[in-house]
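Atoms considered below: every heavy atom in the structure, side chains included; atoms not considered: hydrogens, waters and symmetry mates.
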Amino acid sequence: MLADCRQHRPADDALRAAIAAGESIVICQVITGLGGVGKTQVAAGLAHRLWSANELDLLVWISATSRARVVNGYAQAAAAVTGIDLADTEDAARRFLEWLSEPHGRRWLLVLDNLNDPNDLNGLWPPLANAGHTVVTTRRRDAALLDGRQVVNVGPFTPDEARRYLRDKLAPHPERLDAVDELAVDLDFLPLALAQAATYLADQGLTCAEYRRRSAHRRLARLAPQVLPDDYQAPVARTWLLSIDLANGLEPAGVARPTMEIAALLDANSIPITIFTSAAALGHFATRLDRVVDSTDARDAVQLLHRFSLATVDDATATMRVHGLVQRAVREATIAEDRFGGAGAATHALAELLSGSGCDPEDPESWLAYRTLLPHIMAVVGNISSDTLTGCDSPTFRHLLLKVCRFLYASGQYETGRDLAVLLPHRWIGALGPEDEDVLTARNRLGALLTGLGEHESARLIFSSVLKVQRHALGHDHQETLKTANNLGVALGGLGKYREAAELLEDTLTRRRKSARGDSPQTLRTANNLGEMLNCLLAFVQASEILEATHNGRREVLGENHPDTLWTAKNLATSLRGLNDNESAHRLLRDAFDRYQETLGWDHPDTLQTAVDLADSFETLGELYASRRLLESALDKQVEVLGAEHADTKATANRLRRRLPETGAHAG
């Protein structure tokens, strides 16, 4: 039966084209995809079209969920076409297959719907025939099933199809369409989920917005309508859990389900297969199954999930994708059954992968590894936020999250970093106490990210509080204390308190030089920040001396292209301009800007700030049009990256307002 408000889909055209392509002998078509994407409806659409167009003499539709059902379906068809009702169903099934192969010229379509196990069709595959078509719908993607047959893959609705479906379903009650587009996104455009949601909210008299609010606080099982739409046999979540159980029963027995439980905590897209072959994951599998599980077993389990359409494996990138609603169903089942080990395995596997690559969060050459794993780390943090899973905040995972915060700051992703860092102290302080090192470090990370966002007063309050605790617990000369003092100096400078900032940074630099080498990265960082504050105080001679020494030290320790080296070059150029050495300042800025673009890219906040300084340098040299063009480009990108309300964006806008009249653009 065709579903209510059925949408015509690309898969309909693909199936029609596949059948039309075979003019003499037609190969069997296999429609495959995740449970709930509408495979049966694609087959039903074909059957309805062919029958309505009088292009069939015989239509046989069999629910192929077991071998017995296939045999019984064939036997009933044999009785209908031959008029002979054989007592032995196996004999009758063979008779039907023989009839299909006979040259009687009858046009037939045989649909084997919802094939669970390809082995059920051993010896029962219909013959190739001039006038016959066989269509199989299945979640399975086994090579033996697909090889030699035409495959039609069915995925979720497109966004337009999903919105159109919901609008058609709810057309009699337009008042219920509030937030309809957002609901389609929430349900990841999955046809079955959309159908059940539309039925549920119609039964309950809800709007789409009200359904979304319920969905945020209730399990999927509690959002299933009492009477399922379109003759479907099971709620959407139960459909997938049954598939997981089937996959879990195959070799390597018992590994597919815990693999999916880990995958359910990660981002849905581009999940590295190495997560499941990590020592952390293999140890979890071994504990769960009380036997050794090796990397081959883990890879085989991933392939099992692929074969059952529960995941899609991309061999070229060694990653897989899982539908977001499948992940939610698995998470809810995991919590309901008190199985939380997958969360710990996921967190430790991510930490293992990142630490194994030796990644420095402040080194741009290491950022690819962070960018690859960042969506999964953020997803895990979000998915283990419930009280039942707080045990996943192990020291290993805490240190990973602190490294990620450093990466987000260094790479200029301040908002994402702030969203992560703001969670951490609250999660840890209850168990660890307010003076714990990880808690204080997390607060420091948050303060640094707020500084990057231009929220200097909030950062100052955090740094001042942390510094007070550290001075009492660790002493004034401890490296962690000095790190916080350095950060507080930067925040004070952001508030325009340059004298106070310079005094604090000078004291911090003196203490660092006593306790560490003068060319240590930490000492050089404080020296750079002191030089920057002295520039703000117009003490250019003193600033240039400190910054030139710091620039030389950073080039030697970190290299010419390191972002810290380039930032010091930018600050030194400011000193040189203050001393009227404009040519030297311009050369230094031009070189730093080019290196920033090469190292960090055009859209990094530090690159953009250097572009603004270079624009000022162009103005000093009388090249007003070059200055204006660079400011316009920098402002557009700052609005995109930092937002229109960021202090740096506003400062650039003010510069450009002054520059426009000077270049004849009074209207601008």
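- Using a 4.5 Å cut-off on side-chain heavy atoms (C-beta onward), Q41 and P191 make no contact.
- R328 and D188 are not joined by a salt bridge, as no carboxylate oxygen comes within less than 4.0 angstrom of a charged side-chain nitrogen.
- The closest donor-acceptor contact from the side chain of W51 to the backbone of L56 lies at 3.5 Å or more, if one exists at all.
- Partners of S243 under the side chain to side chain donor-acceptor pair (under 3.5 Å) rule, at least two apart in sequence or in another chain, are R139.
- Screening residues 99-110 for salt bridge (Lys or Arg N to Asp or Glu O under 4.0 Å) gives D57-R107, R95-E102 as the qualifying pairs, with residues at least two apart or on separate chains.
- Of the charged side-chain nitrogens involved, at least one lies within less than 4.0 Å of a carboxylate oxygen, so that D160 and R163 count as a salt-bridged pair.
- Formation of a donor-acceptor pair under 3.5 Å by the D12 side chain with backbone atoms of R9 is found in this model.
- Counting only heavy atoms from C-beta outward, the side chains of L145 and L115 approach each other to under 4.5 Å.
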Subject >> side chain to side chain contact (heavy atoms under 4.5 Å, CB included) between H323 and V37, intermediate numbers included >> reply: CA-CA 11 Å; H323 194 280; V37 293; over 6 Å; no
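- Atom OH of residue Y211 and atom CG of residue L187 lie 5.5 Å apart, to the nearest 0.5 angstrom.
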**OP:** Evaluate the side chain to side chain contact (heavy atoms under 4.5 Å, CB included) criterion for residues Y74 and V60: first the C-alpha distance (whole Å), next the side-chain angles of each, then the deciding distance (0.1 Å), finally the verdict.
**Re:** CA-CA 9 Å; Y74 283 3; V60 179; 5.8 Å; no
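- Pairing each heavy atom of V322 with each of A311, the nearest pair is CG2-CB, 4.0 Å.
- Partner of P118 under the side-chain contact (heavy atoms from CB on, under 4.5 Å) criterion, out of V30, V136, D142: D142 alone.
- With sequence neighbours excluded, no residue forms a salt bridge (Lys or Arg N to Asp or Glu O under 4.0 Å) with D314.
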**OP:** Check the pair L206, R176 against side chain to side chain contact (heavy atoms under 4.5 Å, CB included), reporting the backbone distance first and the verdict last.
**Re:** CA-CA 7 Å; L206 306 175; R176 294 179 180 169; over 6 Å; no
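- S278 places no side-chain N or O within 3.5 Å of a backbone atom of A349 that could act as its donor or acceptor partner.
- Heavy atoms only, all atoms of each residue included: T207 and E175 are closest at CG2-O, 3.6 Å.
- Nearest approach of L408 to G417, heavy atoms of both residues: CD1-CA, 3.4 Å.
- From L350, atom CG reaches atom NE2 of H376 across 8.0 Å, with rounding to the nearest 0.5 Å.
- Atoms OG1 and CD1, on T319 and I273 in that order, are 6.5 Å from each other to the nearest 0.5 Å.
- Contact check for L304 versus R307: side-chain heavy atoms found under the 4.5 Å cut-off.
- With sequence neighbours left out, D267 forms a salt bridge (Lys or Arg N to Asp or Glu O under 4.0 Å) with no residue at all.
- Here R94 does not pair with E98 in a salt bridge; the nearest charged N to carboxylate O distance is not below 4.0 Å.
- Note: K39 NZ to N153 CG = 11.0 Å, rounded to the nearest 0.5 Å.
- Residues meeting the side chain to side chain contact (heavy atoms under 4.5 Å, CB included) test with R218, sequence neighbours left out: Y200, R214, R222, L223.
- Rounded to the nearest 0.5 Å, atoms CD (Q29) and NE2 (H133) are 8.0 Å apart.
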**OP:** Walk me through it: do M260 and N248 pass the test side chain to side chain contact (heavy atoms under 4.5 Å, CB included)?
**Re:** CA-CA 10 Å; M260 180 59 88; N248 202 48; over 6 Å; no
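- D168 is linked by a side chain to side chain contact (heavy atoms under 4.5 Å, CB included) to C5, Q7, R164, counting only residues two or more places apart in sequence or in another chain.
- Scanning both residues, R331 and L265, for their nearest heavy atoms gives CD-CD2, 4.0 Å.
- Here the shortest heavy-atom pairing between F96 and A77 reads CE1-CB, 3.5 Å.
- Side-chain contact between R141 and T312: present, with at least one pair of heavy atoms (C-beta onward) separated by less than 4.5 Å.
- The cationic group of R140 lies under 6.0 Å from the six-membered ring centre of F308 and within 45° of the ring axis, placing it in a cation-pi geometry.
- Between I262 and F285, some side-chain heavy-atom pair lies under the 4.5 Å cut-off.
- The number of heavy atoms from other shown groups lying within 6.0 Å of CG (D147) is above 12.
- Side-chain atoms of R67 do not come within 3.5 Å of backbone N or O of L124 as any donor-acceptor pair.
- Side-chain contact between R288 and E261 is present, with heavy atoms from C-beta onward closer than 4.5 Å.
- With sequence neighbours excluded, the residues forming a side chain to side chain contact (heavy atoms under 4.5 Å, CB included) with R69 are S63, T65, S66, listed by chain and number.
- L201 places a side-chain heavy atom less than 4.5 Å from the side chain of L183.
- Checking side-chain atoms of Q327 against main-chain N and O of L266 turns up a donor-acceptor pair under 3.5 Å.
- Pairs of residues two or more places apart, or lying in two chains, never qualify as salt bridge (Lys or Arg N to Asp or Glu O under 4.0 Å) while including a residue from residues 111-123.
- Under a 3.5 Å cut-off, the side chain of T82 and the backbone N or O of A78 do form a donor-acceptor pair.
- Considering all non-hydrogen atoms of both residues, G132 and W108 come closest at CA-CE2, 3.2 Å.
- For D186, the side chain to side chain contact (heavy atoms under 4.5 Å, CB included) test picks out R212, with sequence neighbours left out.
- Atom CD1 of I377 and atom CG of L420 lie 8.5 Å apart (nearest 0.5 Å).
- Partners of H173 by ring pair (Phe, Tyr, Trp, His ring centres under 6.0 Å), not counting sequence neighbours: none found.
- Salt-bridge check for D13 with R16: failed, with every basic side-chain N at 4.0 Å or more from each acidic carboxylate O.
- The side chain to side chain donor-acceptor pair (under 3.5 Å) test applied to T277 returns no partner, not counting sequence neighbours.
- Looking at L34 and L190, their side chains come closer than 4.5 Å, going by heavy atoms from C-beta outward.
- With hydrogens and angles disregarded, a donor-acceptor distance shorter than 3.5 Å links the side chain of N72 to the backbone of A68.
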Please list every donor-acceptor pair under 3.5 Å in which a side-chain atom of residues 294-303 meets a protein atom from a residue at least two apart or in another chain.
residue	atom	partner	partner atom	Å
D294	OD1	T296	N	3.1
D294	OD1	D297	N	2.9
D297	OD2	D294	N	3.3

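- Between the side chain of H348 and the main chain of G344, a donor-acceptor pair closer than 3.5 Å is present.
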